[in-house]
There are 2 protein chains.
Amino acid sequence: MFSDIKLDKNMPVYIQIKDYIKGMILRGMLRQNQKLPSTRELSSILKISRNTVICAYEFLEEEGFIYIQKGKGAFVADVQINQQEGWSIEWNSQVNDYAKASEELDIVKHEAKWKKGMISFKSIAPDESLFDVEEFKKSFLNRISIEGEKILNYGYAKGYKPLIEYLLNYMKNKGVDINGKDLLITNGFTEGFDLILASVTEKGDKILCENPTHNTAIKIMRLHGLDIKGIDVDKDGVNLQNLEAQLAENKFKLSYFIPSYHNPTGIIMSAEKRLKLYRILKQYNIPIIEDGFNEELRYSGTHVSPIAALSGEGNSVIYIGSFSKILFPGIRVGWILADKKLIGYLESIKRSRNIHTSFLDQAVFYDYLYGGNFERYIKKARKVYKDKYEFAVECAKKYIPCKEVIGEGGLHIFIKLDNINSREVLEKCCSRGVIFTPGDIFYTDDSGFNTLRLGFSRVSKDEIEKGFKIIGEVVKKSIQY
Amino acid sequence: MFSDIKLDKNMPVYIQIKDYIKGMILRGMLRQNQKLPSTRELSSILKISRNTVICAYEFLEEEGFIYIQKGKGAFVADVQINQQEGWSIEWNSQVNDYAKASEELDIVKHEAKWKKGMISFKSIAPDESLFDVEEFKKSFLNRISIEGEKILNYGYAKGYKPLIEYLLNYMKNKGVDINGKDLLITNGFTEGFDLILASVTEKGDKILCENPTHNTAIKIMRLHGLDIKGIDVDKDGVNLQNLEAQLAENKFKLSYFIPSYHNPTGIIMSAEKRLKLYRILKQYNIPIIEDGFNEELRYSGTHVSPIAALSGEGNSVIYIGSFSKILFPGIRVGWILADKKLIGYLESIKRSRNIHTSFLDQAVFYDYLYGGNFERYIKKARKVYKDKYEFAVECAKKYIPCKEVIGEGGLHIFIKLDNINSREVLEKCCSRGVIFTPGDIFYTDDSGFNTLRLGFSRVSKDEIEKGFKIIGEVVKKSIQY
């Protein structure tokens with residue numbers, strides 16, 4: 001039976017032999033005190049060196065599966081063979097409403113799946129071919145040589161200190177007053193937003209946001225049982241009349257806005273509107289969660305400060321930052337800048353949920369940022385994305401009959417069709433090898449059925465043209481019927 | 001004013017100059033259309049190369065803060081200066097009960113703090129000097145060269161596939177039947193446990209566990225509003241009479257056990273007891289969460305299967321695994337092995353909370369494990385820790401007058417004093433430069449006031465002897481009064 005072992009050439013052979021014999025013992029295929037083949041025999045059966053077998057036997061002895069009698073050989077130890085007494089539970093009926101809602105609202109599980117050869121406009125993740133992996137590698141090697149052991153051991157819930165300092169300074173350079181504030185490192189925007197809602201809201205609380213807005217934010221707000229009121233968005237950001245009307249009617253606990261390259265519309269809230277919005281919310285005393293999403297991806301010449309910069313020493317704006325839509329989302333590093341006391345609470349919740357964000361990733365990311373790599377990278381990335389953005393807008397206008405192509409930039413464009421259901425368009429496009437995100441998932445109400453988001457960050461210009469043509473053809477046909 | 005810039009020699013100078021000027025503009029210290037010093041002037045003021053200044057100006061232009069007129073120089077652009085209209089919120093009154101409880105139960109914030117020169121027996125984190133950082137580095141370089149760009153971009157909520165496959169096989173080698181099961185990668189044990197409670201329990205549900213038990217688990221159970229019933233622990237694990245009495249009286253939703261090198265007692269639940277416990281819980285149909293804590297740190301010769309191995313194709317045991325107490329806790333990688341359907345729900349919750357665990361860390365960790373490094377490392381670590389464990393037990397028995405030194409191994413020993421309050425001992429020890437963990441934090445009821453946990457993983461033998469002597473002296477004095 002030993003000749004059955006299938007060896008994987010990329011894994012140490014002695015470990016494979018060890019595990020194989022362990023498995024046989026645990027399944028009762030080798031009895032207690034049974035003699036194993038000698039190291040010489042086994043090495044000849046498997047055509048491997050005798051030392052490899054000796055090493056495997058040593059590990060088996062170390063792990064308590066065999067004992068070795070000098071001059072006699074190796075024998076199976078007294079290992080308790082598992083009594084397998086199956087006992088099953090119907091987990092579907094055990095999980096709670098939160099778990100069920102999480103799965104229902106989990107778009108990834110229910111949306112059109114990408115298949116090989118398809119052109120997908122679903123993603124707004126960065127184009128990984130732009131990453132300067134070499135610089136990242138240098139930062140890794142640098143940190144590992146300076147403090148490798150330390151960053152591989154436990155760290156602190158608040159985050160890796162040098163990274164916190166770097167980001168505080170980074171926020172200061174955006175014009176934000178950091179007095180009385182503090183910074184918590186999170187596993188990206190998603191964790192930041194979830195932690196804030198977990199700490200401040202109660203089921204049934206009302207929250208204000210743009211309509212449409214980031215679908216993950218909608219999911220998280222729903223999972224917290226919040227009553228979401230979405231405010232229509234104009235070309236320069238949220239509609240203030242609509243906002244005031246909502247404020248007059250309802251009492252809100254919090255508000256959430258994405259001022260730059262808003263997801264999904266790509267709209268930039270103007271500086272004037274930011275100030276007006278800030279003043280209105282101040283008047284009603286409704287704290288603001290500002291999502292710094294894509295703020296770094298500025299295509300136009302003018303600088304617009306984040307809303308957090310308007311508050312001076314005030315503490316009513318909670319800023320969530322993340323480079324994930326631009327750089328290295330795989331490492332999941334984001335941050336919350338907020339009032340010191342609030343950060344204290346968030347830190348404790350963070351600790352109770354996952355202790356801290358990977359210290360290795362934080363240290364390497366810090367080293368990368370500190371070396372000025374982000375500035376150089378963003379300059380390059382901006383050029384590539386801006387170029388693609390302009391091409392995508394051009395193609396959209398040329399090929400897709402629609403009411404409006406919205407937005408001023410970002411990694412996606414947002415389209416309003418004439419009274420055509422974008423899910424029906426998606427279905428037909430899908431059969432022709434093109435997929436995109438139907439816009440309704442970004443709406444807080446039932447509107448948006450005629451909208452779609454086209455992410456272009458990870459497709460080539462050729463694919464943009466080819467894909468948009470197909471979408472356009474499907475839309476044209478839909479108009480005819 | 002430009003001569004004020006304090007340059008940090010480790011950061012690119014052009015970025016520091018860029019940020020300095022940006023800050024001045026945002027604070028209104030440079031007016032719109034004001035001329036900046038020429039690149040020649042500024043380079044001579046700062047004693048840096050002119051190219052550096054040119055580079056800084058280029059970035060300032062790129063970011064929209066200045067404009068350059070050929071032949072005339074650089075001028076401040078039309079940048080909106082932040083109106084700072086402070087608006088403050090009393091966050092203490094805004095946060096909810098969950099946030100408040102998180103902070104109250106956050107032991108790190110309230111316990112005796114380590115100061116330089118102290119001997120601390122608080123930690124049970126691994127000794128980082130044992131880490132084979134070189135092998136980890138090799139794994140990083142290997143993964144980065146094979147798929148660097150990919151693992152730095154978004155991954156999947158369930159985890160990095162090769163790591164999932166590796167761990168499924170790893171669990172199989174522990175005798176666990178993986179049919180009908182699946183595996184979710186989590187940010188360590190803490191996230192795993194939190195996700196399970198979040199998906200299955202409701203406020204007020206009853207949960208069974210050992211008493212004492214892992215303090216982080218107690219915190220998480222409390223934060224979920226669970227009614228915790230702790231079962232006394234005998235030398236070979238949980239007391240079954242006590243268990244049956246609890247089961248007869250209460251209806252439990254879940255149970256939670258740490259069978260190996262139990263935290264804080266270091267007790268190993270015997271194979272016979274594991275089977276009996278399993279059968280009793282099966283009879284009452286109460287799913288088991290098995291904490292694989294320190295299972296890898298076997299000091300004795302015999303192999304004991306995890307409880308999850310008893311269930312065969314059954315799905316009623318949820319196993320949480322983590323190497324964090326042994327290896328690289330800083331990267332926060334753990335896993336849940338459970339019923340496929342349940343993992344589906346947990347995956348959706350995980351996605352809604354932080355998208356996924358760092359793909360970089362997962363990939364590097366996979367590479368490290370796959371190369372057989374863990375087996376070699378654990379062999380070495382076991383020897384060191386076992387030696388220290390035996391020494392610690394010896395010292396404890398020699399120096400600390402007590403009722404009992406409990407446990408069979410692990411990275412800590414647990415001591416029961418004679419009717420002496422360990423917090424009072426701690427206070428006196430603290431003033432003599434020695435700290436440890438008072439045992440009461442591990443108890444689900446108000447008992448355990450006379451217990452303490454002494455972690456020895458990160459202290460030297462000399463420190464163990466010196467520290468235990470001091471603890472012993474303090475205890476002796478307490479007996480006299």
Side-chain angles (χ1 to χ4, degrees), chain A residues 12 15 19 26 64 79-80 82 84 86-89 91 95 99 102-103 106 125 128 131 133 137 144 148-149 151-154 173 175 187 190-191 194 199 271 282 301-303 305 309 312-316 328-332 339 341-342 345 348-349 352-355 358-361 372, chain B residues 12 15 19 26 64 79-80 82 84 86-89 91 95 99 102-103 106 125 128 131 133 137 144 148-149 151-154 173 175 187 190-191 194 199 271 282 301-303 305 309 312-316 328-332 339 341-342 345 348-349 352-355 358-361 372:
Chain A
I15 288 179
D19 285 342
L26 285 173
V79 172
Q80 166 116 19
N82 307 317
Q84 300 208 332
W87 152 35
S88 279
I89 279 170
W91 284 104
V95 297
S102 294
E103 192 164 68
D106 190 353
E128 62 240 31
F131 294 166
V133 175
K137 198 161 103 182
I144 280 287
E149 290 158 1
I151 56 179
L152 290 171
N153 214 333
Y154 279 112
N173 286 332
N187 295 341
T190 304
E191 185 183 41
D194 190 50
S199 67
K282 179 180 174 185
T302 39
H303 164 84
S305 286
E313 288 197 17
N315 65 3
S316 46
F328 308 150
I331 63 169
R332 316 294 315 120
D339 174 68
K341 274 182 217 143
L342 180 61
Y345 288 110
S348 289
I349 300 178
S352 80
R353 291 190 170 195
N354 53 41
I355 318 254
S358 165
F359 253 54
L360 174 72
D361 293 359
Chain B
I15 288 179
D19 285 342
L26 285 173
V79 173
Q80 167 117 16
N82 307 316
Q84 300 208 334
W87 152 36
S88 279
I89 280 170
W91 284 103
V95 298
S102 294
E103 192 164 69
D106 190 353
E128 62 239 33
F131 294 167
V133 175
K137 198 160 105 182
I144 280 286
E149 291 157 0
I151 55 180
L152 290 171
N153 213 332
Y154 279 112
N173 286 333
N187 295 341
T190 303
E191 185 182 44
D194 189 49
S199 68
K282 179 181 174 184
T302 39
H303 163 85
S305 286
E313 288 198 17
N315 64 3
S316 46
F328 307 150
I331 63 170
R332 317 293 316 122
D339 173 68
K341 274 182 217 142
L342 180 61
Y345 288 108
S348 289
I349 300 178
S352 81
R353 291 189 170 195
N354 53 43
I355 317 254
S358 165
F359 253 53
L360 174 73
D361 293 0

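Residue numbers start from 1 in every chain, and the chains themselves are labelled A, B, ... in the order their sequence lines are given, proteins ahead of strands.
Of the two parts of B:Asp194, only the side chain, counted from C-beta on, holds a non-hydrogen atom closer than 4.5 Å to a non-hydrogen atom of chain A. Residue contact with chain A, scored on non-hydrogen atoms closer than 4.5 Å, involves the side chain of B:Lys341 exclusively. In this structure, chain B has heavy atoms under 4.5 Å from both the backbone and the side chain of A:Glu103. The contact between B:Val79 and chain A is made entirely by side chain atoms (from C-beta outward), counting heavy-atom distances below 4.5 Å. Only the side chain of B:Ile15 comes within contact range of chain A, with heavy atoms under 4.5 Å apart.
With hydrogens and angles ignored, the 3.5 Å screen pairs no side-chain donor or acceptor of A:Ser199 with any backbone N or O of B:Ala99. Judged by distance alone, with hydrogens and angles left aside, the side-chain atoms of B:Trp91 form a donor-acceptor pair with the main-chain N or O of A:Asn315 at under 3.5 Å.
Tested against A:Arg332 for a side-chain contact (heavy atoms from CB on, under 4.5 Å), the candidates B:Leu360, B:Ile355, B:Asn187 yield a single pass: B:Ile355.
For the set A:Gly86, A:Pro329, A:Gly148, the entry with the most heavy-atom pairs within less than 4.5 Å of chain B is A:Pro329. Counting heavy-atom pairs closer than 4.5 Å to chain A, the top-ranked of the candidates B:Trp87, B:Tyr154, B:Tyr345 is B:Trp87. In terms of non-hydrogen atom pairs under 4.5 Å with chain A, the most contact-rich of B:Val133, B:Asp106, B:Thr190, B:Leu152 is B:Leu152. Interface summary for chain B: among A:Glu191, A:Glu313, A:Glu149, the most heavy-atom pairs under 4.5 angstrom belong to A:Glu149. With respect to chain B, the highest number of heavy-atom pairs below 4.5 Å among A:Gly372, A:Ser348, A:Pro12 belongs to A:Ser348.
When every heavy atom of B:Asn153 is checked against every heavy atom of A:Phe131, the shortest pair comes out as N-CE1, 4.0 Å. Here the closest non-hydrogen pair linking B:Ser88 and A:Gly314 is OG-CA, 3.5 Å. Summarising the geometry of B:Ser102 relative to A:Ile349, their closest heavy-atom pair is OG-CG1, 3.4 Å, with the distance given to 0.1 Å. A pairwise comparison of heavy atoms in B:Asp361 and A:Ser358 identifies OD2-OG, 2.5 Å as the closest pair.
A distance of 11.0 Å separates CD1 in A:Ile151 from CZ in B:Phe328, rounded to the nearest 0.5 Å.
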Worked verdict on B:Ile89 versus A:Leu342 for side-chain contact (heavy atoms from CB on, under 4.5 Å) | CA-CA 10 Å; B:Ile89 280 170; A:Leu342 180 61; over 6 Å; no
